[in-house]
Structure formats: structure tokens, C-alpha cells
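Below you'll find the structure, written out as C-alpha cells, and then a few comments.
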There are 2 protein chains.
Amino acid sequence: MTKPRSRRGGGRPTISDVARKAGVGAITVSRALREPGRVSEELRRQIQAAIGELGYVPDPNARALASARAEVFGVLVPSLTNNVFAEVVRGIYDSLSDGPFRVQLGNTHYSGLEEERLLQVFGPQRPAALIVAGIDQTQTSRRLLETSGCPVVQVMETGPDPVDMMVGFSHLDGGRAATEHLIEAGYRRIGFIGARMDPRSQRRLAGYRAAMEKAGLFDPRLITTTPLLSSVPLGREMFRDALAKMPALDGVFCNNDDIALGVLFECHRAAIAVPQTMGIVGFNDLDMMQVAFPSITSVRTHRYEIGRRSVGMALAAIAGERPEQRVVDLGFELIPRESTAR
Amino acid sequence: MTKPRSRRGGGRPTISDVARKAGVGAITVSRALREPGRVSEELRRQIQAAIGELGYVPDPNARALASARAEVFGVLVPSLTNNVFAEVVRGIYDSLSDGPFRVQLGNTHYSGLEEERLLQVFGPQRPAALIVAGIDQTQTSRRLLETSGCPVVQVMETGPDPVDMMVGFSHLDGGRAATEHLIEAGYRRIGFIGARMDPRSQRRLAGYRAAMEKAGLFDPRLITTTPLLSSVPLGREMFRDALAKMPALDGVFCNNDDIALGVLFECHRAAIAVPQTMGIVGFNDLDMMQVAFPSITSVRTHRYEIGRRSVGMALAAIAGERPEQRVVDLGFELIPRESTAR
DNA sequence: TCCAGGGATGGTAGCGCTACCATGACGTAG
DNA sequence: CTACGTCATGGTAGCGCTACCATCCCTGGA
């Protein structure tokens with residue numbers, strides 16, 4: 001006869017406290033919580049009352065251990081401060097805040113190795129679903145995702161070969177649309193400025209290149225890139241570099257809006273007339289683009305919606321519903337503004 | 001004789017698989033992982049080899065259940081997209097990425113009730129530490145924090161009565177410094193523009209008011225606020241409202257940099273000369289402030305460092321070290337720029 | 001009247017790990 | 001040589017919950 005380990009939990013009520021108080025078996029309490037339909041209304045009421053009185057909250061760790069399935073969504077993004085991913089993450093959190101699911105957020109810092117490490121750590125947690133940014137996982141990561149035993153949603157991009165599901169849009173098409181817009185507006189020596197050239201940026205650049213080549217305007221010297229993290233100050237600097245390299249530049253497609261804003265400010269500072277002497281197009285359409293002076297043309301992407309949809313698809317898959325389509329393209333919209341209204 | 005529940009985990013290796021392979025007891029494997037010093041070097045080597053071969057990763061749920069302590073930092077912030085909190089969160093993630101701790105992030109949406117709900121949910125998880133934004137918790141939240149049985153760090157602000165520890169700075173002093181700077185620069189009819197007036201914004205406003213009253217310049221009509229979420233477009237709108245109400249305005253202290261940027265753009269649009277006709281001061285010193293044209297005076301705050309310090313203090317407390325000081329004031333710096341260089 | 005079938009409820013045995021204590025080997029003091 | 005501590009290691013019994021099966025009761029058809 002050993003005394004029970006002195007409530008290491010610190011005295012929080014457990015499911016059997018609730019069961020005792022309600023005069024039922026522990027398993028019935030468990031069921032009342034998870035499958036209320038299978039418990040008679042009377043017992044359900046008693047149990048609810050006991051839960052309220054005791055302030056019982058189920059222990060997610062015990063639950064995960066017993067059911068071999070944690071109520072956790074694993075989410076992997078390359079950056080927490082980049083507005084783009086912050087919006088996706090916000091959409092995910094908002095969609096999940098009602099239900100029982102928690103979010104386990106991992107920051108890969110744009111590193112494939114770090115992504116592998118985080119997936120390795122997520123594994124034993126047995127998440128209910130995994131949401132990962134991008135479609136360029138390493139082989140190891142892909143295998144970890146495939147063997148995770150849970151729905152997987154790749155977000156931000158669409159591509160031909162989903163691990164499971166995808167929500168995003170075509171960055172290549174976005175880059176092409178932005179560039180074509182500049183060409184149609186009459187710009188000719190159009191530069192590309194891009195920081196932190198991750199795979200999505202690479203594809204936007206490919207879209208730029210396709211459009212420029214098609215118009216017979218392509219010149220490699222028009223391209224300015226850096227592996228550094230994107231920022232407004234960096235946008236300004238890169239624009240100055242681009243101009244130094246190519247003084248005849250008359251337009252720029254910026255890899256994102258931060259860069260575009262940096263370009264705009266430098267134009268002000270150097271008294272370069274926008275849109276007359278220089279056309280500017282950004283990417284993502286942060287809300288400041290519409291307010292900037294002059295307002296900046298940008299490619300609007302649906303980040304928040306991507307977050308919401310990814311959760312919706314994952315939840316459907318958890319519920320056993322076959323998705324009508326495994327790859328959802330949410331598209332983008334080019335929003336023409338003053339910065340290209342020559 | 002019942003057959004074991006058919007490996008619900010899906011075949012992941014467990015600690016006893018490792019123990020068997022290494023020819024030791026399960027508990028020794030557990031110790032080798034958590035207190036390597038207490039296991040002989042030879043066994044440690046064998047165990048590490050077995051772990052490597054099997055690809056064993058400990059199950060955090062089982063660990064948390066058995067030890068009544070999860071390797072989780074609970075983090076509560078009011079917003080995920082606001083750059084300010086994103087930076088704090090980034091500091092937290094970066095400081096924690098080496099160690100065994102995971103982060104459980106909660107978004108309170110600036111709601112005290114939501115904060116209570118999230119703390120309620122964190123409770124049974126038995127986190128290793130809690131980091132919460134702000135110092136204005138509800139009574140219920142405060143009690144939940146006090147009874148959490150783990151180190152608690154309140155971040156972003158300092159105040160007189162910490163639940164446990166605090167890292168931040170004085171928003172009141174920051175607001176006052178910004179306003180005094182405008183007064184010293186010769187501005188007189190200085191407005192305050194603030195969106196989403198959370199407690200920190202309120203204290204910046206109080207600092208503004210104190211400075212204005214001291215200088216004999218205070219007038220309630222100079223204040224323009226809204227409960228709406230802050231954004232650049234909103235900054236522009238509010239500035240127009242403020243001007244309509246008070247056409248003689250010659251300066252504005254903006255509750256944050258988004259608002260300040262909106263004001264700057266509207267000045268361009270309305271051909272109001274900055275800094276001659278209008279002085280502008282922001283708050284937080286986002287990196288775009290230094291690049292804006294004209295560059296914008298702002299109050300630099302140390303968000304990333306706040307995140308790092310909060311983790312450092314919590315880790316020290318977990319390790320049983322008494323902190324030399326429970327309240328750490330990281331201060332702020334007023335960065336004068338062109339927007340107030342009359 | 002009896003029995004099959006289905007719904008509500010409960011008991012038992014784990015999930016994978018660690019706290020707690022026991023054990024045995026060794027060293028040191030007396 | 002004995003007594004006793006110390007160190008490395010292991011066994012056992014849970015942590016709080018749920019999967020799986022057993023049991024019980026009620027209903028309805030033969």
C-alpha cells in the first residue's frame with residue numbers, strides 16, 4: 001500500500017475528481033467532453049455542473065498521450081516579423097481560436113536544415129495537422145511530412161506536386177503580371193530589385209524575366225539582388241546601387257513592398273519624379289501602399305485568407321472529408337496606382 | 001495476458017526501445033538525456049549510439065505528464081501582426097531555439113477576457129514560464145499568473161507592482177520625451193494622434209499631456225484618438241480629422257510609427273512642409289523612419305531585447321537563481337531627425 | 001414469454017515518461 | 001575486517017487521460 005504521489009500537479013482537479021463529484025465514471029466525463037451526443041442529457045448536466053464548480057480544465061498532455069494525437073497544429077514559417085507571414089499566421093490563429101486546437105509555431109529562419117529540425121521535434125508531439133510555408137522542402141523534410149500521419153498543408157505557393165494539400169498562388173505569374181504592367185505603361189528599362197532571394201522571390205524574378213524577354217527588353221544588368229533580409233532601408237540602398245549600375249533605369253519591379261517604399265523615398269530624396277521618370281511596382285500590397293505619396297502600384301496577395309483556408313482544409317481532412325481540390329490557388333490582383341500612372 | 005495496445009503511436013521508437021538496444025534500463029536513458037553528469041561516460045556513449053540509430057526523439061507529452069512540468073514557455077501578446085510584438089516574440093523565439101523549450105503563443109486581441117481564457121488554457125499545461133505583454137492584467141488574470149507556479153515575466157512596460165518579474169520601459173516618459181522634443185524645437189500647437197488606445201498608448205498620452213501642461217500648451221482639442229486598430233491609412237485619416245478640428249496645428253506626436261507615416265504622406269499630398277509647417281514624431285522607431293523623406297523623429301524602443309531579456313530572466317528563475325532585480329527598465333531613446341529639424 | 005439488438009455507462013489497462021526508492025559495488029574511516 | 005557513506009544503475013508505480021471491451025438496461029419482434 002503506497003500513498004499516491006502527492007499530487008505533483010499542485011492540486012489541480014482531475015477528471016476523476018469531476019467524476020466523483022458528478023457521481024459517474026471517469027470515462028463518462030471524458031465522453032461528455034469529447035462526444036456529448038453519446039451521454040444522456042441528465043448526466044451531461046451534472047458533469048457540466050461539477051466541472052464548473054471545480055474549475056476543471058483537461059490536461060492536454062495527458063490527453064495527447066492517451067489518444068496518441070495532440071490537439072496541436074504545427075505551423076512552420078520562415079520569419080515571424082515579415083508582415084507576409086505574420087498575416088498568414090494571424091489567419092491561422094483566428095481560425096483556430098474557437099476550437100480545441102492549439103498552435104505550435106516554428107520559425108525556420110529561411111533555413112531548410114532548421115525546418116528539418118523543427119519537423120523532427122514536431123513528430124513525437126503527434127500534431128493534428130501541419131502547415132508549412134513554401135513548396136521547396138528538402139527531401140528529408142518531405143519524408144517527415146509524408147510520414148507524419150496527419151494532414152499537411154503547404155501554403156503561400158501552388159505547385160505541381162503537393163505533399164498533401166496546398167493553398168497559395170503563383171509567384172511566377174505575379175512577377176510576370178507586375179512586369180507586364182510596367183511594360184504596358186510604357187516603361188522600358190525596368191529593373192528588378194529583390195532582397196532575401198528565397199524560392200518565392202526567385203519565382204517572381206523568373207516571372208519578371210519571362211515578361212522582359214518576351215518584350216525583348218531583358219538585360220541581366222537590370223537585376224539587383226542580395227541575400228540580406230528585406231527592409232525599407234535596404235530597398236533604398238539597392239535602388240541606389242541599381243541606378244549607379246544602370247543610370248537609364250526608368251522603372252523597377254520590387255520583390256516586395258518594403259523595397260518599393262525604400263525606392264519611393266529615395267526618389268523623393270533624389271528628386272526623381274514618380275511616375276514620370278521612374279515607375280515603381282511593389283509586391284503584396286501592404287495597406288500603406290495605397291496611402292503612400294504617390295500611391296504605389298502593387299500585387300495584392302491574400303495572406304490572411306491563405307491562413308484561414310489552410311486551417312479550413314486541414315480541419316476538413318481531420319473530419320475525414322475528402323477535399324474537392326487538393327491544390328487551391330487563391331490568385332492575386334495587380335492594383336494599379338499613381339506610381340505607374342504615367 | 002492482453003496484447004499491448006498496438007503501438008498507437010504509429011511505430012515511433014520509445015525510450016524502452018532505446019534502453020533495450022543500449023542494454024540499459026529505461027530510467028538510465030532518461031537520465032542520460034536530462035542529467036548526463038549522473039551517467040557513466042560509457043553508458044552515455046552506448047545510449048547516444050542507440051538514439052542515433054533508432055532516431056529516437058522524446059515525447060514531450062509523456063515527459064510533461066510524468067514530470068508535471070512541460071518544457072513550454074507560454075507567451076501572451078495582444079497582436080501578432082503589430083511589428084512591436086512581432087519583434088518581442090522574435091526575441092523570445094531566438095533566445096529559446098537552442099534549448100529544450102517550446103513556445104506556446106497566445107493572441108489576446110487586446111482583450112482582458114481573452115487573456116483570462118488563454119491563461120486558463122495554459123494552466124493545465126504546466127508551462128515552465130509565462131511571458132505576458134503589459135502590466136494591466138485583470139484581477140482574475142493576475143491570480144492565475146500568481147498561482148501558476150512558474151516564473152512570470154510581464155513585458156513591454158515597467159510598473160510598481162510586478163506579479164513576479166518585469167522587462168520594459170516607461171511609456172509615460174517616452175510620451176513626455178517626444179512631446180518635450182517638439183516643444184523645444186519650437187512647435188506650439190502640438191497634436192496627439194493615437195489609434196487603438198490600449199493602456200500603453202494611454203500612458204504615452206499621459207506623458208504628452210504632462211509635457212503640454214507643464215509648458216502651458218495643453219488643449220483637449222489637440223487630442224485625436226480612436227479605438228480602431230492602428231495602420232498607416234488610419235494615420236492619414238486621423239491627421240485630416242485633427243487638422244479639420246484644429247487648422248492651426250503645427251506639430252503632431254503620433255502614438256506609433258504607422259500613424260506617423262500616414263501623417264507624413266498626407267503632408268506630402270496636401271503640400272504641407274515638414275518640418276517647417278508641421279513637425280512629426282513617431283514612436284518605436286521602425287527602421288523605415290530613418291529612410292523616410294524627410295526622415296522621421298521617433299522614440300526608439302528595444303523590443304527584440306525585451307524579448308531576449310524576458311527569456312533570460314525566466315531561465316535564470318527556472319535554474320533557481322534569484323534575479324538581482326525583478327524589474328528591468330530597458331529605457332528608450334529619442335532619435336531626432338529631419339521631421340522636427342525646423 | 002424470451003431473446004436479439006442497440007444505446008448508455010463503466011472497468012481495466014495502458015500511452016511514454018519520470019519520481020521515488022531499492023540495490024549493489026566500491027571506497028573510506030575506525 | 002566491519003560499518004557506513006557515496007555513486008551508478010535499475011525496478012516499480014504512477015502522471016491524467018482515453019481505447020477497448022464488458023456490462024447493463026430497455027425496446028421490440030417472434
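Since the model is a prediction, treat every value here as computed from it, not as a measurement. Letters A, B, ... are given to chains in the order of the sequence lines, protein chains preceding strands, and every chain is numbered from 1. The figures that follow rest on heavy atoms only: side chains count, while hydrogens, waters and symmetry mates do not.
Not a single donor-acceptor pair, N or O on each side, falls under 3.5 Å between the base of D:dG16 and the side chain of A:Arg12. In the interface, the side chain of B:Arg126 is not paired with the base of D:dG16 through any donor and acceptor atom under 3.5 Å apart.
Residues B:Arg142 and B:Thr138 bring no donor and acceptor atom of their side chains to less than 3.5 Å of each other. Counted by atom type alone, A:Gln137 and A:Gln154 present one or more donor-acceptor pairs between their side chains at under 3.5 Å.
Out of D:dT18, D:dG16, C:dT18, the shortest distance to the side chain of A:Ser30 is found at D:dT18. With distances taken from any side-chain atom of A:Ser40 to the nucleotides C:dT9, C:dG16, D:dA19, the minimum falls on C:dT9.
Taking atom CG of residue B:Asp59 and atom P of nucleotide C:dC15, one finds them 12 Å apart after rounding to whole Å. Between the P atom of C:dG16 and the CZ atom of A:Arg69 lies a distance of 13 Å, rounded to the nearest Å. Between B:Arg31 atom CZ and D:dA8 atom P the separation is 10 Å, expressed in whole Å. Computed from coordinates, the A:Glu41 CD to C:dA8 P distance equals 12 Å when rounded to whole Å. One interatomic measurement links the two molecules: CG of A:Leu65 to P of D:dG16, which rounds to 12 Å at whole-angstrom precision. Counting to the nearest Å, the P atom of C:dG10 and the CD1 atom of A:Ile15 are 12 Å from each other. Atom CZ in A:Arg38 sits roughly 14 Å away from atom P in D:dC21 (whole-Å rounding). Put simply, CD1 on B:Ile27 is 7 Å from P on C:dA19, counting in whole angstrom units.
Tested against A:Glu71 for a salt bridge (charged side-chain N to carboxylate O under 4.0 Å, His left out), the candidates A:Arg102, A:Arg63, A:Arg126 yield a single pass: A:Arg63.
Looking at heavy-atom distances under 4.0 Å, B:Arg34 makes contact with sugar-phosphate atoms alone, never a base. Residue contacts for B:Pro58: at a heavy-atom cut-off of 4.0 Å it reaches the sugar-phosphate backbone alone, with no base atom in range.
Two residues are said to be in side-chain contact when any heavy atoms from C-beta on lie closer than 4.5 Å; A:Tyr56 and A:Ile15 meet this criterion.
Where A:Val39 and A:Ala62 meet DNA chain C, the nucleotide closest to each residue was compared, and A:Val39 sits on the side nearer the 5' end.
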Exercise for the section: Run the numbers on B:Glu35 and B:Arg38 for salt bridge (charged side-chain N to carboxylate O under 4.0 Å, His left out), then give the verdict. Expected result: CA-CA 6 Å; B:Glu35 311 167 88; B:Arg38 295 191 45 194; 3.6 Å; yes

